[in-house]
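Right, one structure below, let's go through it.
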Amino acid sequence: MSEQVTLDQPEDTAPEPAKDGASGAGAGGGETLLEVSGLQKYFPIHGGFIVKRRVGDVRAVDGVDFSIAAGESLGMVGESGCGKSTTGRLVTRLLEPTGGKITYAGQDITHRSRKELAPIRSEIQMIFQDPYASLNPRQTVGSIVSAPMEINDINPSGGREKRVRELLEIVGLNPEHYNRFPHEFSGGQRQRIGVARALALDPKLIVADEPVSALDVSIQAQVVNLLQRVQKELGIAFLFIAHDLAIVRHFSQRIAVMYLGKIVEIGDRASIYERPRHPYTHALLSAAPEADPDDDGRERIRLAGDVPSPINPPSGCRFRTRCWKAQDKCATEEPPLVQIGGNVAGHLTACHFPEEPTITARKEDIVLDPALAAIEEAAEETP
Amino acid sequence: MTTLTKPEAEPRPQESEHFLSVRDLYVQFATEDGTVKAVDGLSFDLDRGKTLGIVGESGSGKSVTNLAILGLHNPRNTTIAGEIVLDGQELTGASTKTLEKLRGKKMAMVFQDSLTALSPYYTVGRQIAEPYMKHLGASKKEARDRAIEMLGKVGIPQPQTRVDDYPHQFSGGMRQRAMIAMALVCNPDLVIADEPTTALDVTVQAQILDLLKDLQQETGTAIILITHDLGVIANTADDVVVMYAGRAVERGTVRDILKTPEHPYAWGLLGSIPRLSASVDVPLAPIPGSPPSLLNPPSGCPFHPRCTFAGEVGGDRCATERPVLPEGRGSACHLTPEQKRDIFIQQVQPRLR
């Protein structure tokens, strides 16, 4: 972790040495709660007939560094297959990392056993994407929400039932619904039950993996507002994983952009959304649909093709196969995640040839998609 | 320029004036629990070369409307009433045979989930070629050449070799391109795209939406774009219908709907989505409650149980009287035009920018 730690030190707070020598501090003055460095997760692929051999790996997460300060929300955006969900599962230790290090509140939890993890598990909770699959249909809301207390043998004053009713009230559900079953609730209400369960143990960190993407637009806003209230009032840190750039911007103070298992850019909200440097961040922002018929002078970038397979990712910079600025150097040398000239402290970019820090329209649109380019060129010739 | 007849325009011409005209469409399903009124009196028009966006949440009846246009509903438990006139031809009472002749040739569909919409058993090329052979009587060779041409047009690299691939060998974005190729192979006059990009990543979504738009300019097809995402229609649609609980609650140009919406539901939708340029300190303004069940929709205005402004209308009109959606630009709401304007300027607009 030695070299990566220096790469990911958001803001200029004084580093405070932790027990095991990990140094680092989070943004906003809060102390670092979670520190991840060089994190890797490879899923083996087995092939062969009769005798199954390991023939390759899916490099879902391949060397990721970031930290989250207490009470802070770090947003993680990227397209499907970029490893954002896997990162969330590694942080909660639902998956065993292949390499790297996860430090939670000064303790190394990278390879801790189930038993050793137990005390920390109560402090790191998760909210899942699918509110239909993440609640046991055979248990009542009361037993779902009180399960974490039961497992950790926690007996709040006034009893567990009273605490559950309190939690239901906090998340905006009727405490009278204590004895109902999940199928009696709508998608948005189910997601609230999931939030109540995550809050049951007074966690310090919540990993929210696409918490609103399965919900209808009008319901999404209800859940986003609830999570925001929870974050602000209870001071819980969030790792907020989503593909919707506008929602991530709304919810998180710092943003990490992932591409094919790597963080390509990380920084403050304003810095990432208004002064992005990595070409991929530019492309993502340009592609985000805005409900505004006036194209508000944003640049137009249309990439070609899809995200390459993480089984055999491109050498060097992983974005180079879809990048309009790629040169020979990009194929041979992997760009480090560093602060490049002109960026504020804590804004790190992994690119050899960074873009200008602006998102306004360029003289010429960047259209790499062959079909689009062909049609648009033909249309221009015959006005 | 718009497909909507302006209220002040001369007496509305005959339906045949519009390429597609849907009038008072009712679609009901008989289920074990009762009758589901999936579409409840919907009317809209669409001209050639234009795009109509239909926006609504799940269960608002937007997909069912389009299955009814194509005649893809299950005739055993579905009752359809009303008029669907495509290029002068009435479709609601049309025979299966007539519809079969139209589907794929005159009207085509792009489905949401390309993995389930494509057959895993046939090559992509064969699936694209099939409607071409059926409707235009082309030979196998001609149809294959046409499939290669279409694949190239929608941006599949090396179409000569990829034409023999199976759908699972394509990535999600490529499959969606292949679906578009399949829909456009016979140069249809109407393409219905049902959430064509919902399953795709943002960067691929932008490519596909632009591709649909560019191809439309080239071929002049009319498009119905069904989506839940107001951002998707912003740059693609000419006109928009906002649906709620099986009814159209507001209709107008894309600019009308996104810039000066009139219906409280449209206000709610716009207030629910965060924007890349908006202030991050202002909390979102969600719509309270959740969408109603279509088995037993609320009386009067279906939105009244969730509406913040129902109290501003005198008496209990919102709960008893169903508001009418006027022809052309307008909204189905009992608020007076002055009330709508005042509420929008004072309470809604400040949140949108």
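Here is the naming used below: chain letters follow the sequence lines, and residue numbers restart at 1 for every chain. Since this is a predicted model, take the numbers as computed values, not measurements.
Looking at B/V154, the atoms closer than 4.5 Å to chain A (heavy atoms on both sides) all sit in the backbone: N, CA, C or O. Proximity to chain A involves both the backbone and the side chain of B/E57, based on heavy atoms less than 4.5 angstrom apart. Looking at B/D229, the atoms closer than 4.5 Å to chain A (heavy atoms on both sides) all sit in the side chain, from C-beta outward. For a residue to count as touching a neighbouring chain, one of its non-hydrogen atoms must lie under 4.5 Å from one of that chain's; by this rule A/V217 touches chain B with backbone and side chain alike. In this structure, the portion of A/A304 lying under 4.5 Å from any heavy atom of chain B is its backbone and not its side chain. Proximity to chain B is limited to the side chain of A/N225, based on heavy atoms less than 4.5 angstrom apart. Proximity to chain A (any heavy atom under 4.5 Å) is shown, for B/P157, by neither the backbone nor the side chain. When heavy atoms are compared at a cutoff of 4.5 Å, A/A374 does not approach chain B at all.
In B/Q158, the CD atom is not crowded: 12 or fewer heavy atoms of neighbouring residues, nucleotides or ligands sit closer than 6.0 Å.
With A/Q222 contributing its side chain and B/G289 its backbone, the two residues share a donor-acceptor pair below 3.5 Å. Distance alone, capped at 3.5 Å, is enough to place a donor-acceptor pair between the A/D216 side chain and the B/S58 backbone. No donor-acceptor pair closer than 3.5 Å links the side chain of B/Q207 to the backbone N or O of A/D369. For B/E218 (side chain) and A/I375 (main-chain N/O), no donor-acceptor pair under 3.5 Å exists by modelled atom type.
When all heavy atoms are compared, the tightest approach of A/A221 to B/P286 is CB-CB, 3.6 Å. The minimum heavy-atom distance linking A/Q228 with B/V280 is given by the pair NE2-O, 4.4 Å.
Note on A/G188, A/P370, A/S80: by heavy-atom pairs under 4.5 Å with chain B, the leading option is A/S80. Interface summary for chain B: among A/L368, A/L303, A/V307, the most heavy-atom pairs under 4.5 angstrom belong to A/L303. Taking chain B as the reference chain and counting heavy-atom pairs below 4.5 Å, the highest number among A/D306, A/V223, A/L245, A/I247 is found for A/D306. With chain B as the partner, the residue from A/S186, A/A283, A/A371 showing the most heavy-atom pairs under 4.5 Å is A/A371. The residue among B/D210, B/L230, B/I287 with the most heavy atom pairs within less than 4.5 Å of chain A is B/D210. Contact count versus chain A (heavy atoms, under 4.5 Å) is highest, among B/G155, B/G268, B/P274, for B/P274. In terms of non-hydrogen atom pairs under 4.5 Å with chain A, the most contact-rich of B/M174, B/Q205, B/R177 is B/R177. Options A/R229, A/R249, A/R322 differ in how many heavy-atom pairs under 4.5 Å they form with chain B, and the most are formed by A/R249.
Atom-to-atom distance recorded for B/T203:OG1 and A/L285:CG is 12.0 Å, nearest 0.5 angstrom. In this structure, the separation between CD on A/Q220 and CG on B/L284 is 9.5 Å, given to the nearest 0.5 Å. One distance of note links CD1 of B/I208 with CZ of A/R302; it measures 11.5 Å at 0.5 Å rounding. B/D281 contributes atom CG, which lies 9.0 Å from atom NE2 of A/H250 (distance to the nearest 0.5 angstrom). Remark: A/E290 CD to B/L258 CG distance equals 10.5 Å, nearest 0.5 Å.
Annotation: side chain of A/P293 is not in contact with side chain of B/I233 (no heavy-atom distance under 4.5 Å). B/P283 has its side chain out of reach of A/V224: every pair of non-hydrogen atoms, C-beta onward, lies at least 4.5 Å apart.
Defined by atom type and a distance below 3.5 Å, a donor-acceptor pair is missing between the side-chain atoms of A/Q189 and B/S290.
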### Message
side chain to side chain contact (heavy atoms under 4.5 Å, CB included), that's the test. Do B/D201 and A/H243 meet it? Break it down for me.
### Response
CA-CA 8 Å; B/D201 282 322; A/H243 68 277; 5.7 Å; no

